[in-house]
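Since the structure comes first, as structure tokens, the remarks are kept for the end.
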Amino acid sequence: MAARDGEGLRYAVFLAGCPMRCVYCHNPDTWDMANGIEYTPEELCNKIIRFKPYFKAGKGGVTFSGGEPLLQAEELLQLIELLQNHQIDCCIDTSGSVALSDTVKDVLLKSNSILLDLKFPTEESYQQYARGKLSSVIKTLEYLIANNKKVTIRTVIVPELNDNDASILEYAAILKPYKNKIHQWELLGFHTMGFMKYEALSLNNPLANKSSLPNSRLTELQRTANTVLHKL
Amino acid sequence: MRAWRNFKEGTWCESIAVADFIHLNYTPYEGGPEFLCPATQRTKDLFAVVQDLFRKEQENGGVLDIDTERVSSILTYAPGYIEKGKDIILGLQTEKPLVRAVNPFAGFRNAEQACAAYGYKISEKIREDFLYRTTHNTGVFRAYTKDMRKARHAGILTGLPDAYGRGRLIGDYRRLALYGMDFLIEQKLKDADDLGKRDMTEENIRLLEDIAKQLDFMQQLVKMADQYGCDIRRPAENAYEAVQWLYFAYLGGQKEQNGAANSIGRITTFLDIYMERDIAEDTLTESQAQELMDDLVIKLRLIRHLRTPEYNDLFAGDPVWVTCSEGGMGEDGRTMVTKNCYRMLHTLYNLGPSAEPNITILWSERLPEAFKKYCAKVSVDTDSIQYENDDRMRPEYGDDYAIACCVSAMKEGKQMQFFGARCNLPKVLLMALNGGKDEIHGTQIAPEGKVFSDGEVLNYDEVLETLKKYMAWMAKLYVNTMNIIHFMHDKYAYERLIMGFHDTIVERLMAFGVSGLSVLTDSLSAIKYAKVTPVHGENGLITDFITVGDFPKYGNDDDRVDEIAQWITEFFYSELCKTPTYRGAKHTLSVLTITSNVVYGKKTGTTPDGRKAGEPFAPGANPMHGRDKDGALASLNSVAKLDYDCCRDGISNTFSITPDALGNNEENRHTNLVSVLDGYFTQGAHHLNVNVLDREKLIAAMEDPNLYPNLTIRVSGYAVNFNKLTKDKQLEVIARTFHDKM
């Protein structure tokens with residue numbers, strides 16, 4: 001369970017497998033689909049129902065994270081349908097890197113809210129730091145907005161990488177056309193809690209020399225972000 | 001009558017019926033905390049004096065001073081003040097704040113040892129007086145059987161109230177404010193007349209003598225109040241008097257008795273009625289109402305009893321359990337939350353976090369949202385309060401019950417409890433596997449049986465059958481031991497004043513307890529799902545176990561093992577019920593350890609779950625430290641499965657979560673904690689202690705106590721000032737699970 005990703009108390013399901021390789025990833029153990037435990041949608045639904053007493057109407061529910069949950073759109077769709085029969089709120093935490101197939105679109109339409117990453121402000125930086133595409137994120141965002149979905153944009157702030165006002169301005173410029181349609185733009189501070197996983201998996205940690213972003217800095221940047229987006 | 005002006009009349013006017021009075025006259029409050037006022041300068045000045053005394057008490061090794069010349073009773077001491085002229089609510093236990101009284105009625109040796117522990121000696125005069133007196137302790141040991149002594153000595157039954165007051169009573173102290181003592185005495189005399197018409201059975205004669213004892217002390221309380229310039233023969237006429245009268249009634253009980261956990265009850269909504277009336281009459285401002293509560297709470301934080309080091313081992317941190325219950329819903333569907341419930345909580349800001357009074361929120365899903373959120377805020381900010389399930393208790397106790405001690409519910413003034421400590425369950429298992437012998441000393445305690453063989457994998461069914469036999473034996477011995485204790489307590493240390501604030505015909509509960517529930521549960525799970533092989537030591541008894549394979553552990557919402565925990569409580573309770581109790585008390589059971597989980601662990605050998613000899617148990621109904629790996633809510637779900645119907649004396653769960661795991665900002669932490677409480681309690685769970693803090697903070701406080709002098713933490717049905725815990729208890733608290741994920 002998580003009290004941070006999405007509104008209220010959330011049951012977090014980490015779906016294994018991810019097409020991206022973000023330098024700051026804190027769940028490298030979920031990159032490979034083979035690392036996950038297999039559940040049928042029914043099994044997982046039964047597990048989640050046990051936590052229904054903690055979900056409040058409109059607040060609290062399940063957040064599908066990863067990995068990239070949309071890689072398993074087929075099964076995810078079944079699970080969301082099962083959960084919604086029990087009036088459980090479903091939120092998708094996605095990188096926006098998956099092509100919008102019919103099933104993926106269905107998943108996005110059925111979910112109650114979406115957390116969408118805007119990781120980097122240019123195609124070059126997206127490729128360099130995440131092996132992903134900005135255009136794909138924008139496509140996803142446009143689809144969600146066209147369908148009036150509740151979208152929270154999330155951006156991880158890494159010390160000396162994008163923890164400056166100039167970067168914030170770049171992100172804001174991208175979000176400008178959608179600013180009245182998105183629910184929120186939330187900055188997340190980079191933290192070193194995932195470092196142990198890199199060691200355990202003997203993976204190269206590209207940011208091994210970085211330290212966590214101080215909370216005070218994050219608060220400042222969030223304030224800047226809010227002001228900048230509002231004024232644009 | 002002037003005292004009752006503007007009160008809505010009802011049956012409460014004719015006979016004692018405080019609940020009826022409350023229902024007809026209280027004003028439910030659904031709003032938020034905006035109306036609250038800060039502490040007045042007077043409160044701050046007075047409390048500064050008290051804080052200075054707290055510091056001196058701590059520097060002095062935990063006890064400021066002891067009055068060794070006199071024996072504590074209602075009229076022993078002249079009036080005492082913190083600072084004469086500055087106190088609003090009057091009355092101290094002795095003549096000076098924090099000076100402890102000597103109370104040897106329940107056990108002389110105990111009082112003597114307590115004095116000696118702090119370098120004091122009881123005066124010769126008291127010693128001589130008690131040479132010719134039978135104390136409760138003497139009485140009990142006259143009747144104890146060999147089996148009882150052995151079980152007590154081995155630590156299978158521990159913490160028995162056989163050397164100090166049994167406590168865990170709640171007098172309905174509100175009666176004094178509402179009716180005045182003259183009326184209460186009149187009612188008792190009427191009761192005596194009624195009893196006089198009955199046949200003189202043993203119980204009837206005893207009741208008549210009880211009333212005579214009560215009347216004696218009720219009259220003494222009138223004299224005590226008179227010394228403070230207050231006439232409590234008449235009812236209270238305004239809010240100030242209502243608080244003062246109620247406090248005198250409680251204080252009298254504390255002077256007479258040194259029982260652990262004689263609690264103050266459900267007082268805030270009752271007092272709110274007087275405050276609302278005064279505010280409407282323009283004779284009281286909000287600031288003055290808060291000042292009354294602040295001053296009352298200062299007095300309650302000064303309550304002290306003199307304890308032996310052995311007692312402190314079981315109940316660490318010098319607690320007195322001035323448990324104050326509030327909130328909940330009325331049976332008519334209105335909330336029982338009033339503005340004064342907020343004022344009580346607000347004392348934790350005006351006077352800072354504190355272990356006492358032990359503020360207990362009676363939680364209902366239907367409580368006003370604003371109140372729920374305020375409680376959550378208080379928990380996050382102070383770690384000082386606890387929660388109990390009103391929706392689960394109201395159907396059993398009505399809407400005028402309160403909590404005594406940690407988790408013991410009773411109807412105010414209508415029920416009392418015979419407190420019975422607890423039985424060490426993991427030790428019963430080890431005894432069963434060792435043919436009735438104590439696994440540490442080898443003494444034959446229970447009937448002789450087969451010692452499970454060295455090197456042979458334990459068979460679950462065989463273990464279970466053996467365990468059942470020994471649990472049955474234990475239950476019978478336990479009830480009979482309690483019967484002796486309470487017979488003697490009634491005879492030699494009867495609570496004359498406190499029982500005066502109860503109905504004459506009172507319903508009695510006999511409260512048994514178990515400790516080490518999670519250790520026994522996981523041990524049985526290991527035997528059932530893994531392969532457990534006993535290893536014999538030199539004395540031919542089992543000293544260790546080899547466990548091969550994994551097994552489900554209690555605290556992860558896994559029915560395979562949680563069902564074992566359910567079975568243990570249900571089976572043990574049904575066994576207890578087979579032996580009749582003294583004075584027809586109803587059997588109840590608690591899963592609560594206070595802090596005795598550390599001492600119990602010390603006295604218990606290695607268990608099949610992997611816990612090594614001497615290591616602490618988890619407190620109360622908590623999963624074992626660090627074994628609830630599936631997150632905070634899965635842990636709560638496991639505990640919520642225990643059935644309150646067989647544990648009517650309470651199921652204690654202490655829950656610690658890091659601020660980060662609870663939410664990423666203050667607002668979210670509050671709403672999420674409300675969701676946690678709602679989710680836990682709608683499943684029928686009984687109790688939750690909530691701590692929102694990082695382990696690192698406790699470690700820092702342990703290394704340098706000056707860093708956080710007021711650091712308060714919920715440990716097990718009560719809160720303590722962390723700095724008052726001994727090192728081993730601090731380490732155990734730090735070793736507990738701090739959920740860093742939901």
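Here the structure is a predicted model, which is why all the values come from computation and not from measurement. First the proteins, then the strands, lettered A, B, ... as listed; each starts at 1.
In this structure, A/K47 does not pair ionically with B/D557, as no charged nitrogen and carboxylate oxygen lie closer than 4.0 Å.
Both the backbone and the side chain of B/Y680 come within less than 4.5 Å of a heavy atom in chain A. Proximity to chain A (any heavy atom under 4.5 Å) is shown, for B/S675, by both the backbone and the side chain. Interface remark: B/N637 contributes backbone and side-chain atoms alike to the contact with chain A (heavy atom separation under 4.5 Å). Using a 4.5 Å cut-off between heavy atoms, B/L636 touches chain A through backbone and side chain atoms alike.
A 4.5 Å side-chain heavy-atom check between B/N622 and B/D628 finds every atom pair outside the cut-off.
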Would you give me the side-chain donor-acceptor pairs under 3.5 Å for residues 190-197 of chain A, sequence neighbours excluded?
unit_1, atom_1, unit_2, atom_2, d
A/H191, ND1, A/M193, N, 3.2
A/K197, NZ, A/H26, O, 3.3
A/K197, NZ, A/N27, OD1, 2.7

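Residues A/Y24 and A/Y129 place their aromatic rings such that the two centres sit no closer than 6.0 Å.
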